[in-house]
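These notes are about the structure you will find just below.
The chains referred to below are lettered A, B, ... by the order of the sequence lines, with proteins before strands, and numbering in each begins at 1. All values derive from a computational prediction rather than experimental measurement.
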Amino acid sequence: MSNETTTPQCAAKYDLPKAYEFEEVEERWYQYWLEGKTFSAQMEPGRPAFSIVIPPPNVTGVLHIGHALNNTLQDLLTRYHRMKGDNTLWVPGTDHAGIATQNVVERQLAAEKTNRHELGRDKFIERVWQWRTDKGGTIIKQLKRMGASCDWDRERFTMDEGLSKAVREVFVRLYNEGLIYKGDYIVNWCPRCKTALSDDEVEHDPTHGKLYHLRYPYSDGSGSVVIATTRPETMLGDTAVAVHPDDERYAGLDKIGIRLPIVDRIIPVVLDHHVQRDFGTGALKVTPAHDRDDYEIGLRHNLERIKIMDEHGIMNENAGKYAGMDRFACREQIVKDLAELGFLDKIEDYEHAVGKCYRCATVVEPTTSKQWFVSVRPLADKAVAAVREGRIKLYPDTWYNTFYAWMDNIRDWCISRQIWWGHRIPAWTCADCGEMTVVSLDPTVCGKCGSSQIEQEHDVLDTWFSSALWPFSTLGWPDQTKELATFYPTSVLITSFDILFFWVARMMMMGLHFMDEVPFHDVYLHALVRDKHGKKMSKSTGNVIDPLDMIAQYGTDAFRFTLTAFAAQGREIKMDEERIDGYRRFINKLWNAARFTQMHIKESEPGITAVTDNPAALALPHRWILSRTDAAVRDVRKALDGYDFNLIASAIYQFTWHEFCDWYVEWIKADLFSDDTAKREQARGVLLCVLENILKMLHPICPFVTEEIWSQLPGQRGTIMLESFPEAKPTWQDAETEQAMQLLMEIITAVRTIRSEANVHPSAKLHVSLICPDPAKRELLQLFSGSICAMTRAESLDIVESGAVPDDAAHSLVSGIEVVVPLKELIDVDAELDKLARERKVLEQDLQRVRGKLGNEKFLANAPADVVEKERAKLEELETKLAKNEESRGRLGTVK
RNA sequence: GGGCGAAUAGCUCAGUUGGGAGAGCAUCGGCCUUACAAGCCGAGGGUCACAGGUUCGAACCCUGUUUCGCCCACCA
C-alpha cells in the first residue's frame, strides 16, 4: 500500500463491502460537509453566480413527499452549478405560517384548558416563539437528512428581525404610493379562524347540498315570485330581489316590490344584467352583506347592507328571533318556519361548490368588514410585462397561458388577517384627530397632530405578504448588501404549481417594484406527487408515502434518484415504491462496479488515467467507452440545463448499467487479468477514468454514495462535491469506433441468442463460424476473435470469406455477416423451423413496404436523397435475409 | 361555462424540427460465469384512444369525437 494516501478523509480506506450500506455513510458524509463549510457561498460579485432561495416550508411543517421532490431538484441544480465552478448559494429558511402556527399553539393551549384570550396578546406571541424554538426545527433537520446543500449559516425565518424590517418598509412605501388602502369590502371570512381570507385561501369543494325554492310575495298582494338559494338563512339580510332587465316575465315588477317573509320588510325589485334568466325562475335574492355578487349588485343599486351574523358565524341582532343561533342551526329553523308559513316552494338535492378555509376546511362566510388591501393592478402589469418579454421564463411552458389569464383577472389582495401571529400592520390611529400614521419605526405620537393617544392596528399581515419579499428580504434588503449585489436576481425558482399565484406571481410583483429587477430568471413548476394510481395522497385515503420511511428503507440516494427520474415536465408524478427499490438496485450496481475497479486498482498510480489523453493510442473498446462517455456527458448536461430531470436520470442509468457495466467492464476483464502490462495499463486507466466521470455526473442526484465511492478510490482525493463537473470532450468522440463496436456487439448478441434459444448450457463449449465477405469487417472480427469467444463462451471461432452452412447448424445474419453455430444433436429442428417461419413473415412484410416506397415515383421525386438511399440499402439487406431464410428452411427440412 | 394537459407493450412512461415503434418494471426460458443472484444472458408482447384531413410518407401536423385528470369562473 502506498503511503501517499494520507488524505484526512472522514473515513479510513477499506475494502468495499459486497453491498452498499447507506445508513452509516449518509450520516458520516453530511457531518463532513457541514464541518468543512462546503455549502457556504462566497461574496465575489464578479464571479458567475448561481442562486436559489428555498420555497420556505411552514415552520410547523414536517417533510412530505412534495418537499422531498422540491428540495431534491433544488439540491441537484445547486450541486451541479457548484461543480461547474459557479459561486453558488442556496438560501434556506422557514415561513412563520400565520394561521397554521397560531392553530398549533392554540391547540396546545386548549389541551392546557386555557386559550389565547386568557393569556393575552403579548404572552401568546411569546408562547409561539417558544414553540418555534422547541419544535420549529423539525423540517430543517429533515431537509438535512435529504442531503440538502443549503448555506445553513444563512438560514432565515420570515419573522426574523431583518425580514420584519423589510416587511414594514414595503408596507410603508406601498401605502405612501397609494397602493395599500383600507376599506369596507366583502371578504371571505372563516368563522373558526375568525379572520378574513384572501380569495386564494378559499378552496371550492363540490358538496352535496340543497337548493331551497322560496316564495316571496309581491308587496301589493297581487302574486309572488320564487327564488332559489343554497343559503336560506341569508334571506334575513335580503334587501332586494333582482331580475334581468329584459325578462318579460317580471316586466313592471320593479314598480311594485316584495314583502320579505318572516322579516316583513318591503324590499325593491332591481333590474340587473348579472342575473341569469335561465337559472331557476330567473329571480335572484340579493344579500349585499353576505355574498360577493350581491355586494356588487348592491353597489350598483344603492342597496342597504344588513349583516346578520357575527364573526363566529352566530346570527346577530339583525336576525330577530334567530339571534344567537349558529348559522347552520338557523338554516334548519328558518326552512321549517318558511314551510309552515307556506313560503317554501320545494327543496331539491343540489351539488355545488362550497368555499372552505384552506387551513381548517370550515365553510367560509362571505361578509363585509374593514380590511387592508393591496391594489395589485399596477404591480401585476409589471410582472406580466417581465414574463412577456422573456425576462422570466416558465418551465414547462404550458403555464404561460394560465399565468396570463390569472393576471388579467387579478383582484385586489386582502392582506389583513384578524389573528395575532404575524407582522402587525404598522399603522396607528389617533384618538384625537382620527388620522392614521403609517411608518416603519414605531411612532410615539400622531404624525398629524402630535397627540400621544395613538393605537396600532390589531390585524397582522397575510403570511404571503412576507413570502412575497423572500428573494430580496433574505439577502438583506432594504440595506444595499453584498449579498444582493452578488446573488440578486436569483437564478431559478423551483416550486409546486399550486402556489404559482399565492407566491410566485407576488414575488414577481414585489421584486420588480422594489428591486426594479426580476426576482428570478427561470421558474420551474413541478407536479404534485400522487400515489401510483394517480390519486392525491391523503391521510384519509391512507395512501401517503412518508419520505422518511423511504429514506430509512432504501437510502436517501435511491429516493432522490427516483424523484428525479419521475420529474418529467408536464407529467403528473405517480410515485411507486417499486421504482425506489429498482433505483436502490442501481446504486448497488454502481457500488459493485466500484468494488470491481478497486480490486484492480488498489494503489495510487498518479497518471494512470493519463492514457485517456491520447485516445487514438487506445484499443477499440476503450475508445468506444470514452466516446460513449462523451455522449452521456453531453446528454446529461443538456438535460440539466433544460430542467429535463427525468432525462438526466435515464441517461446516467442507461450509460452506467448497460454500456459501462454490461459491455465495457465485461469486455476488458481479459485485459485486466492479462500479463501484457500495456494492455493492463490501458484497461485500468480507462476503467478508473470512466467510473470517475460517472460518479461526478451522478453526484448532484446521489451525493452520498458518490462521495463514499470517490473517497475509497485510489489516490489523494478531496470531496467530490468540489470536483469539476464533466465536460464534453470532442477528442473522445469517435463515430467510426462506435460503429465497429456496434458490429461486434451485434455478432455477440446473435451468438448468445442462438445459444439461449437452443438451450445450450453455458458451460457447453461451442464452435462458432462467421461467414463474412467484407474484408475490412473480416479483419475487425479477426482482431477481436478473442473477445467474441470470451463474451459468448465459445471454444473456437472461424472467420471465413465464404462457405456453406452445415445441415445441423443454427444461424443468423447480422450486417452482412452470417453467424453459424453447429449444434449437432443440440438443435431442435421444429423450434428452428418455427423461428424461421416467423422471421420470414416479418421479412416479407418489410419487403412489401420498402418495395412499395421505392416503386412510388412521387417518393423518389420528393423524399430527400439520403432517405431514398437508406431505403435502397434496406431493400438489399432484406432480400439477402429472405434468401438466407429460404436456404435455411430448405436445409432444415431435409434434416427433418 | 372557459382554459390546460393526457390517451403508445400487462404497469409507469420516453419518443424535440414528419422518414424502419423504445426503456424500466412485470412476464417467460436459461444460468452462482474471476464486481454485483440486490446479479448475468436471452425471449415474447403494441391497429401509437377513435374518425377524417394534409403529405410520396403521420405516434408526431390540422379538424372533429370519446374517455380521464387538473386549473380558473359570479348560475344563486
>> Side chain of A:Arg793, heavy atoms from C-beta onward: which of B:U33, B:A76, B:C36 has the nearest atom to it?
In response: B:U33
> Does a side chain donor of either A:Arg585 or A:Asn588 reach within less than 3.5 Å of an acceptor in the other side chain?
Replying inline: no
>> OP1 or OP2 of B:G24 versus the side-chain N and O atoms of A:His658: is any pair under 4.0 Å?
In response: yes
> Under 4.0 angstrom, heavy atoms only, what part of the nucleic acid is A:Thr597 near: base, sugar-phosphate, or nothing?
Replying inline: nothing
> Can a donor-acceptor pair be found between the side chains of A:Asp238 and A:Tyr216 at a distance below 3.5 Å?
Replying inline: yes
> Within the pair A:Arg752 and B:G42, is there a side-chain N or O less than 4.0 Å away from OP1 or OP2?
Replying inline: yes
>> So A:Lys574, base contact, sugar-phosphate only, or nothing? Heavy-atom distance under 4.0 Å.
In response: sugar-phosphate
> After noting the C-alpha distance and the side-chain angles of A:Phe645 and A:Tyr524, does the key distance pass the ring-ring contact (aromatic ring centres under 6.0 Å, His included) rule?
Replying inline: CA-CA 11 Å; A:Phe645 297 104; A:Tyr524 178 86; 4.9 Å; yes
>> Quick check for you: among B:G20, B:G5, B:A35, whose closest atom lies nearest to any side-chain atom of A:Lys870?
In response: B:G20
>> Judged by each residue's nearest nucleotide on RNA chain B, which is more toward the 5′ side, A:Arg231 or A:Asn646?
In response: A:Asn646
> Reckon A:Tyr653 touches a base, only the sugar-phosphate, or nothing at all at heavy-atom distances under 4.0 Å?
Replying inline: sugar-phosphate
> What is the distance from CZ of A:Arg755 to P of B:C31, rounded to the nearest Å?
Replying inline: 12 Å
>> Distance to the ring centre below 6.0 angstrom and angle to the axis at most 45 degrees; does that hold for A:Arg628 and A:Trp667?
In response: no
>> Checking contacts here: which listed nucleotide (B:A38, B:C56, B:A37) is nearest the side-chain heavy atoms of A:Lys18?
In response: B:A37
> Whole-Å distance between B:C41 P and A:Asn759 CG?
Replying inline: 18 Å
> Considering only side-chain heavy atoms of A:Gln654, which listed nucleotide, B:C74, B:C36, B:A23, is closest?
Replying inline: B:A23
> Taking the side chain of A:Lys853 as heavy atoms from C-beta outward, which of B:C56, B:C4, B:G20 is closest to it?
Replying inline: B:G20
>> If I take atom CZ in residue A:Phe501 and atom C1' in nucleotide B:C71, what distance separates them, rounded to the nearest angstrom?
In response: 8 Å
> Which whole number of Å gives the distance between the P atom of B:C60 and that of B:A51?
Replying inline: 13 Å
> Separation of A:Gln276 atom CD from B:G2 atom C1', in whole Å?
Replying inline: 14 Å
> In whole angstroms, how far is the P atom of B:G19 from the CZ atom of A:Arg872?
Replying inline: 20 Å
> What's the closest nucleotide to the A:Asn856 side chain, out of B:G19, B:C56, B:C40?
Replying inline: B:C56
> How is A:Tyr350 classified with respect to the nucleic acid when contacts are heavy atoms under 4.0 Å: base, sugar-phosphate, or nothing?
Replying inline: sugar-phosphate
>> Nearest to the side chain of A:His761, heavy atoms from C-beta on, is which of B:C56, B:C31, B:U12?
In response: B:C31
>> Nearest whole Å is fine: how far is B:A35 C1' from A:Gln598 CD?
In response: 11 Å
>> Would you say A:Trp657 places a side-chain N or O within less than 4.0 Å of OP1 or OP2 belonging to B:C40?
In response: yes
> With nearest nucleotides of RNA chain B determined for A:Thr230 and A:Phe566 from heavy-atom distances, which residue corresponds to the more 5′ nucleotide?
Replying inline: A:Phe566
>> At 4.0 Å (heavy atoms only), tell me whether A:Glu871 reaches a base, stays on the sugar-phosphate, or touches nothing.
In response: nothing
